[in-house]
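Have a look at the structure below, then the notes.
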Amino acid sequence: VQLQAFGGGLVQPGGSLRLSCAASGNIFSINVMGWYRQAPGKQRELVALITSGSRTHYADFVKGRFTISRDNAKNTVYLQMNSLKPEDTAVYYCNAVGTSVSWGQGTLVTVSS
């Protein structure tokens with residue numbers, strides 16, 4: 001499975017961004033897709049997951065602000081990020097888990113005034 005992430009950028013605190021992750025290859029093997037993030041000097045951490053049955057799981061620090069969704073027709077997973085905070089600044093990575101684990105290339109989100 002190959003993953004390509006899009007949508008990062010610079011946004012002011014309180015603003016919104018939507019990240020996209022397009023999957024290609026052996027997409028039928030994917031069970032779970034998710035978004036992780038890694039801030040400078042910190043470990044990579046889970047942000048949100050969505051299963052093939054569209055069940056979702058969120059890290060506590062994004063509950064109520066971020067929404068993960070998927071468009072099966074487009075083989076794409078989205079992360080809608082609202083009410084962004086400076087501490088959300090990080091490189092965001094798309095992840096897919098099935099018969100193997102795949103990572104996208106990462107997209108930088110910077111929240112700053």
Side-chain angles (χ1 to χ4, degrees):
V1 174
Q2 292 77 46
L3 304 173
Q4 194 159 16
F6 305 92
L10 173 64
V11 63
Q12 292 186 341
S16 299
L17 279 177
R18 188 176 81 156
L19 306 182
S20 302
C21 176
S24 61
N26 189 18
I27 59 172
F28 298 104
S29 70
I30 298 174
N31 294 321
V32 180
M33 292 190 71
W35 289 95
Y36 289 72
R37 71 185 188 185
Q38 187 167 17
K42 295 188 177 182
Q43 291 188 331
R44 191 172 298 188
E45 59 186 357
L46 171 67
V47 176
L49 297 172
I50 186 166
T51 70
S52 56
S54 294
R55 293 180 64 181
T56 58
H57 170 79
Y58 295 93
D60 286 344
F61 53 78
V62 302
K63 283 182 180 178
R65 300 189 298 126
F66 292 9
T67 303
I68 190 170
S69 61
R70 65 192 296 161
D71 184 334
N72 291 329
K74 296 182 179 180
N75 301 322
T76 299
V77 171
Y78 304 97
L79 184 68
Q80 178 66 43
M81 305 186 294
N82 299 328
S83 302
L84 283 161
K85 305 174 182 179
E87 52 263 44
D88 294 318
T89 295
V91 177
Y92 284 71
Y93 295 91
C94 180
N95 166 272
V97 178
T99 54
S100 62
V101 179
S102 302
W103 291 94
Q105 81 281 16
T107 184
L108 176 62
V109 172
T110 303
V111 185
S112 176
S113 54

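- Residues Val109 and Val111 form a side-chain contact, since some pair of their non-hydrogen atoms from C-beta on lies under 4.5 Å apart.
- Separation of atoms OH (Tyr58) and CZ (Arg65) is listed at 12.5 Å; rounding is to 0.5 Å.
- The cluster map of Ile, Leu, Val, Met, Phe, Trp and Tyr, joined by side-chain heavy atoms under 4.5 Å apart, puts Leu49 and Ile30 in different clusters.
- Between Asn95 and Val101, some side-chain heavy-atom pair lies under the 4.5 Å cut-off.
- Ala90 and Leu108 get closest at one heavy-atom pair: O-CD1, 3.6 Å.
- Taking both residues in full, the closest heavy atoms of Ala59 and Leu46 are given as CB-O, 3.4 Å, listed atom of the first, atom of the second, then distance.
- The shortest heavy-atom contact between Gly106 and Tyr93 is CA-CD2, 3.6 Å.
- Leu79 CG to Met33 CE: the interatomic distance, rounded to the nearest 0.5 Å, is 11.5 Å.
- When the shell of 6.0 Å around CD of Glu87 is examined, it contains more than 12 heavy atoms from other residues, nucleotides or ligands.
- Under the 4.5 Å side-chain criterion, counting only non-hydrogen atoms from C-beta, Cys94 is not in contact with Trp103.
- Take Arg37 and apply the side chain to side chain donor-acceptor pair (under 3.5 Å) test, not counting sequence neighbours, and it matches Glu45, Asp88, Tyr92.
- Grouping the Ile, Leu, Val, Met, Phe, Trp and Tyr side chains by contacts below 4.5 angstrom, directly or via other members, places Trp35 with Val62.
- Tyr36 and Val97 fall within the same hydrophobic cluster, where Ile, Leu, Val, Met, Phe, Trp and Tyr residues are linked whenever their side-chain heavy atoms come under 4.5 Å apart, directly or through other members.
- Side-chain contact check for Ser112 versus Thr89: every heavy-atom pair is 4.5 Å or farther apart.
- Contact annotation: the side chain of Phe66 approaches that of Leu84 to within less than 4.5 Å [non-hydrogen atoms, C-beta and beyond].
- Remark: Asn75 CG to Ile27 CD1 distance equals 3.0 Å, nearest 0.5 Å.
- Scored by the side chain to side chain donor-acceptor pair (under 3.5 Å) test, Lys63 finds Asp60 as partners (sequence neighbours excluded).
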Please report, to 0.1 Å, the donor-acceptor pairs under 3.5 Å made by any side chain of residues 3-18, with sequence neighbours excluded.
{"from": "Ser16", "atom 1": "OG", "to": "Asn82", "atom 2": "OD1", "distance (Å)": "2.9"}

Apply side chain to side chain contact (heavy atoms under 4.5 Å, CB included) to Val47 and Met81, showing your working. CA-CA 11 Å; Val47 176; Met81 305 186 294; over 6 Å; no
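- Contact record, Ser54 with Arg70: OG-CD, 4.0 Å, taken as the closest heavy-atom pair.
- Atoms OG1 and CG, on Thr99 and Asn31 in that order, are 8.5 Å from each other to the nearest 0.5 Å.
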